[in-house]
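Owing to the predicted nature of the structure, the values given are computational and were not obtained by experimental measurement. Counting convention: from 1, in listed order, for ligands and their atoms alike. All heavy atoms count here, side chains included; hydrogens, waters and symmetry mates do not.
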Amino acid sequence: MGQSKENKGEVVPAHIAIIMDGNGRWARQKRLPRIMGHYAGVKAVEKTVIAALELGVKHISLFAFSTENWKRPKGEIYGLFGLFRYFIRCKIKKLKEENIRLRFSGRIDFLPDNLKDLVKWAEGETKEGDRLDLVVCLNYGGRQEIIDAVNRILEASPKDNDKAKGINEEDFRDYLYLPDLPDPDLIIRTSGEKRLSNFWLWQSSYSELYFTDVLWPDFNEDELRKAIEEYKSRERRYGGI
Ligand code: IPE
Ligand code: IPE
Ligand code: MG
């Protein structure tokens, strides 16, 4: 889990998480409809994933739709869902060729059937990929993930006496959406906002945070390299000295 401080200055973060923000503002600046900003955001995803592969990152997680994003107008929500379907259908071949495993985190069961079915299919299709985990956080909320974990523990308790007595951190992790995914070493947020917006709440306890004013559609390999350089200069102490 994470890199130790001895790695300072050398090691590329194993897991980079990105809050891809600013698509709407990018579109507004260009006097385009917001959905065009989201389309441009998909291009930035492609560039970033290719760069991450080349840099030797093992896991990349992308916040694509939060549990709070249901507050947006229906047209934008369903435009985004259409874009996610397009992304999965068009990219699956390339992902398989590159040995990338596509995974999803979030309340997938609450998504429309045509998206949910595609998500399950894509996970099956790419499950052998072992070069990079590409985790798309879809209908994801950090608080909801914790609540879902607690509810699953409560359901298991009567059958499982050990759990009823109380659980530790590692047991708790088993109930998260992707228990085997290591915590993010670095969390990047674009567009100048400086908050987590309910992303990876359990997993971010010791993540390094990096904020940039660049809007997500303008993010690219150079921006990723800058974030990694900044990460490498940080000393991760994990509460030690
Ligand atoms: C991020 O861009 C994409 C999603 C949240 C789906 P925004 O749509 O939040 O863009 P801004 O923040 O309005 O510029
Ligand atoms: C966070 O962006 C969620 C995603 C990137 C999917 P938002 O644009 O929804 O966050 P807030 O509303 O500015 O906090
Ligand atoms: Mg936003």
Inset, instruction - Could you state whether F110 and L178 fall into the same hydrophobic cluster, counting links through intermediate Ile, Leu, Val, Met, Phe, Trp or Tyr residues with side-chain heavy atoms under 4.5 angstrom apart? - result: no

Inset, instruction - Quick one: closest heavy-atom pair of G37 and W26, and the distance? - result: CA-CE3, 3.7 Å

Inset, instruction - Give a yes or no on this: more than 12 heavy atoms of other residues, nucleotides or ligands lie within 6.0 Å of atom CD of E97. - result: yes

Inset, instruction - Check whether the ring centres of F84 and F87 lie less than 6.0 Å apart, and answer yes or no. - result: no

Legend entry - Exceeds 12 heavy-atom contacts within 6.0 angstrom, atom CZ of R225: no

Inset, instruction - Would you mind running through ligand 1 and noting each atom that sits below 4.0 Å from a heavy atom of H38? - result: 3 (C), 8 (O)

Inset, instruction - Can you establish whether the number of heavy atoms outside K43 located under 6.0 Å from its atom NZ is more than 12? - result: no

Inset, instruction - Can you list, by chain and residue number, the protein N, O or S atoms under 2.8 Å from the Mg ion (ligand 3)? - result: D21 OD1

Inset, instruction - Give a yes or no on this: more than 12 heavy atoms of other residues, nucleotides or ligands lie within 6.0 Å of atom NZ of K94. - result: no

Inset, instruction - For ligand 2, would you mind listing the residues that have at least one heavy atom less than 4.0 Å away, ordered by chain and number? - result: I19, M20, D21, F63, A64, F65, S66, N69, R72, R189, R195, S197

Inset, instruction - Answer with yes or no whether R34 contacts ligand 1, where contact means a heavy atom under 4.0 Å from a ligand atom. - result: yes

Inset, instruction - Return the minimal non-hydrogen interatomic distance between L132 and V57, and the atom names on each side. - result: CD1-O, 3.1 Å

Legend entry - For N23 against G41, the heavy-atom pair lying closest together: OD1-CA, 4.3 Å

Legend entry - Aromatic ring pairing Y140/Y177, orientation class (parallel under 30°, perpendicular over 60°, tilted between): perpendicular

